[in-house]
Amino acid sequence: MIKKVLSKKNIIIIFMFMILASVYLMIFSTTTSPIYHLYGTDSEIFRMLGRMQKRGMIPYVDFFDHKGPFIITVEWIGCLISEDRIGIFIVQIIFLMFTLMATYKLFRLKYSTKCSFILTAVMLLVLRMYYEGGNLTEEYCLPFLIWSCYLASKYMMQYYDKIGEHKWQYSFFYGITFIICAFTRLTNAFPICSIVLVGSVIIISKKMWKNLLENTLAFLGGVSIVAIPYSIYFYVNNGFYDMIYATFIYNFKHGSDYSERVSMGEQIKIMVYLLVLITTMIIGIYTYLKKQNMQTIGLTVAIMSVVGIIFHLKMRFYLHYYMIYIPIIIMAILCCKGYFASHEKNILLKLFKMVATTLIVMTMIFFGVKNITMFNDFVLISESEASIKQSSERMKSLVKAIDTDSDIVAYDVAPYFYIETGIIPCYKNFIIQDQQTRYDKRLKSGFERDLKSMKAEYIVVSTNQNNRYQQFIEEKYYVYNRVQELVLYKRKLID
């Protein structure tokens, strides 16, 4: 096995994917690429999570964010390499390299080496549509999801009546994939849930009860090998419930609140981007109805697409959420091998093929136009960098006269304030406080308790924001420094 993996051909392919990943991230990961000085929102929050854990702070106990612990681990590893953006950039290269390798292997199930490499490169353009500056949870789930799709497709790529026992080793990896995705954001696990569902139905329908038990235990074993170390770590540090609350409970509240406020403009965006999933759904149904050796893959694609459509119809529009459906697109392309060469006699199949063909053409046009228009973003990069540079200079100027090791917190100020100034916040809720506490009474009372404790010697606010606790700050703190929209308050002497 090791000799096969380390063969000359495979080493060359791996090296090519490493170079391709490096170049791609250098150009498109604008929040971490060393050639840019740009920031996002989530990316800078994640970098701060990793930086604070590196300083010995406990996630969810000493600082809060509603993403799962795996993304914090990823950012922590990046900070161990380097606290500036190059550290997480190197981690991204490794993850994207494995994503490309998995994509290539999945395509190789139906296509030639050359064609698979070209299709893998094309998928980078699909990724570009959803990338939004990089260093987001979805890109760290992709290698696990696509490798899982590869294993599932190997099992399913045969006629239904010839499908045999499912290897428990595959289910073990599915379990790892599930918990890693759930430990970033639970919705990232939807694709692997669809794969497990179809696989379970196949095994049950064939009454292979021993095989079902083996795979169930293997899946739980995969979940446990990741979940148990995290659970022990948080239990020992009195943060187990806090981790569960932030990763799962808070996100349910967060998601349900957003679903009530989806604007008409967002609904239109959602429908446009759902065109891709609608296309894969029709391809999946068509493949299933053909009853060929790709039948079960077609069923999996259809189910994964339907789950994605239902989810996004109930949520606000976040483009990077769609990144986790790239494995579905790859599997749909597998289903399309020989698609245009076949001639259907069945009326229902003809209808589905006609609809699928129309949607494929529309989707290709959409991808093409979107990628062309997105290249216009590079025209604005120098302007954005100039704006960020000016903002960064204001932030540094604001705090230059104080000891940055003092107890400081920024209240509803851009997250990159901490990155630029090197300040470690002293409050658990350290970013977008009004937004986070709006959804949750527990967080709100905790933030109010921190404010009233007046532990922070300095509080930074922005006059561009209508801060909920501005009156309290003005009563207990006085203006120590001001640089345009940024105001630095210092705690008044307590009698």
Side-chain angles (χ1 to χ4, degrees), residues 13 17 20-21 24 95-131 138-157 170 173-174 177 181 188-196 198-199 273-288 293-309 320-339 356 359-360 363-364 366-368 371:
I13 290 173
F17 284 141
L20 189 59
Y24 181 88
F95 272 82
L96 184 55
M97 182 183 73
F98 279 103
T99 297
L100 294 175
M101 288 166 58
T103 303
Y104 170 79
K105 290 288 289 183
L106 189 49
F107 278 130
R108 281 291 290 124
L109 292 176
K110 291 288 284 186
Y111 296 95
S112 66
T113 300
K114 182 179 179 180
C115 187
S116 296
F117 192 85
I118 292 171
L119 287 171
T120 300
V122 169
M123 292 311 297
L124 283 173
L125 295 179
V126 178
L127 177 63
R128 168 71 180 98
M129 279 184 50
Y130 308 125
Y131 205 57
E138 293 79 7
E139 70 182 278
Y140 301 115
C141 295
L142 274 181
F144 296 95
L145 288 171
I146 299 177
W147 277 112
S148 293
C149 287
Y150 166 71
L151 297 176
S153 297
K154 279 183 69 176
Y155 169 67
M156 296 176 183
M157 241 181 65
Y170 292 2
F173 189 77
Y174 301 160
T177 299
C181 291
N188 287 342
F190 282 172
I192 190 63
C193 290
S194 301
I195 289 173
V196 171
V198 175
Y273 279 90
L274 283 181
L275 172 66
V276 179
L277 287 178
I278 294 171
T279 302
T280 56
M281 179 187 69
I282 297 298
I283 292 173
I285 294 173
Y286 169 76
T287 305
Y288 175 74
N293 64 327
M294 296 290 288
Q295 183 181 23
T296 46
I297 293 181
L299 177 62
T300 306
V301 169
I303 291 175
M304 293 166 83
S305 302
V306 170
V307 170
I309 291 169
H320 58 89
Y321 280 15
Y322 293 77
M323 203 186 300
I324 61 168
Y325 301 117
I326 287 178
I328 306 177
I329 298 172
I330 298 170
M331 293 176 73
I333 294 173
L334 286 184
C335 294
C336 289
K337 178 68 184 293
Y339 173 84
L359 289 171
I360 289 170
T363 301
M364 290 176 69
F366 173 65
F367 277 148
N371 269 284

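These values consider heavy atoms only, across backbone and side chains, with no hydrogens, waters or symmetry-generated copies.
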field: Closest contact, heavy atoms only, Ala332 versus Ile283
entry: O-CG2, 3.8 Å
Those residues that, when tested against Pro191, pass side chain to side chain contact (heavy atoms under 4.5 Å, CB included) (two or more places apart): Leu145, Met304, Ile324
message: Test side-chain contact (heavy atoms from CB on, under 4.5 Å) on Leu127 and Leu96; report intermediate values, then the result.
response: CA-CA 11 Å; Leu127 177 63; Leu96 184 55; 4.0 Å; yes
SG-CD1 distance between Cys149 and Ile326, expressed to the nearest 0.5 angstrom: 11.5 Å
- prompt: Could you walk me through whether Thr363 and Thr279 pass the side chain to side chain donor-acceptor pair (under 3.5 Å) check?
  reply: CA-CA 7 Å; Thr363 301; Thr279 302; 2.8 Å; yes
- prompt: To the nearest 0.5 Å, how far apart are CG in Leu151 and CE in Met156?
  reply: 11.0 Å
- request: Begin with the C-alpha distance, continue with both residues' side-chain angles, and end with the deciding distance and a verdict on side-chain contact (heavy atoms from CB on, under 4.5 Å) for Thr120 and Leu106.
  value: CA-CA 9 Å; Thr120 300; Leu106 189 49; over 6 Å; no
query: Are the side chains of Met331 and Thr300 in touch, meaning some heavy atoms are under 4.5 Å apart?
result: yes
- prompt: Is the backbone N or O of Tyr131 less than 3.5 Å from a side-chain atom of Arg128, with the two atoms forming a donor-acceptor pair by type?
  reply: no
message: Check the orientation of Tyr322 and Tyr130. Use parallel for under 30°, tilted for 30 to 60°, and perpendicular for over 60°.
response: parallel
- prompt: With a 4.5 Å heavy-atom cut-off, do Thr287 and Val301 have their side chains touching?
  reply: no
field: Crowding at OH, Tyr155 (>12 non-hydrogen neighbours, <6.0 Å)
entry: yes
query: Less than 4.5 Å apart, any side-chain heavy atom of Ile329 and any of Tyr325?
result: no
- request: Check the surroundings of atom OH in Tyr170: do more than 12 heavy atoms from other residues, nucleotides or ligands lie under 6.0 Å from it?
  value: yes
- prompt: Can you find a heavy atom in the side chain of Met129 that is under 4.5 Å from one in the side chain of Tyr273?
  reply: yes
message: Under a plain distance cut-off of 3.5 Å, with no hydrogens placed, do Thr280 and Ser305 share a side-chain donor-acceptor pair?
response: yes
message: Quick one, Leu275 and Leu359 - any side-chain contact, counting heavy atoms below 4.5 Å?
response: yes
- request: Check whether any side-chain heavy atom of Pro327 sits under 4.5 Å from a side-chain heavy atom of Leu142, and report yes or no.
  value: yes
- prompt: Nearest 0.5 Å, what's the OG1-CD1 distance between Thr99 and Ile146?
  reply: 5.5 Å
- request: Mark yes or no for whether Lys110, through its side chain, and Lys337, through its backbone, hold a donor-acceptor pair below 3.5 Å.
  value: no
message: Just so I know, are the side chains of Leu109 and Tyr150 near enough to count as touching, which here means a heavy-atom distance under 4.5 Å?
response: yes
- prompt: Can any side-chain N or O of Tyr24 pair as donor or acceptor with the backbone N or O of Leu124 at less than 3.5 Å?
  reply: yes
query: Got a second to check how far Leu277's CG is from Ile309's CD1, nearest 0.5 Å?
result: 5.5 Å
query: What do the steps show when you test Phe144 against Phe95 for side-chain contact (heavy atoms from CB on, under 4.5 Å), and what is the final call?
result: CA-CA 9 Å; Phe144 296 95; Phe95 272 82; 4.0 Å; yes
field: Aromatic contact, Tyr104 with Phe17 (centres under 6.0 Å)
entry: yes
- request: Would you give the length of the straight line joining atom CE of Met157 to atom SG of Cys335, rounded to the nearest 0.5 angstrom?
  value: 10.0 Å
field: Residue pair Ile360, Cys336: steps toward the side-chain contact (heavy atoms from CB on, under 4.5 Å) verdict
entry: CA-CA 10 Å; Ile360 289 170; Cys336 289; 4.3 Å; yes
- line: Here the gap from Cys115 atom SG to Arg108 atom CZ, rounded to the nearest 0.5 Å, amounts to 10.0 Å
query: Would you say the side chain of Met123 lies within less than 4.5 Å of the side chain of Leu119, judging by non-hydrogen atoms?
result: no
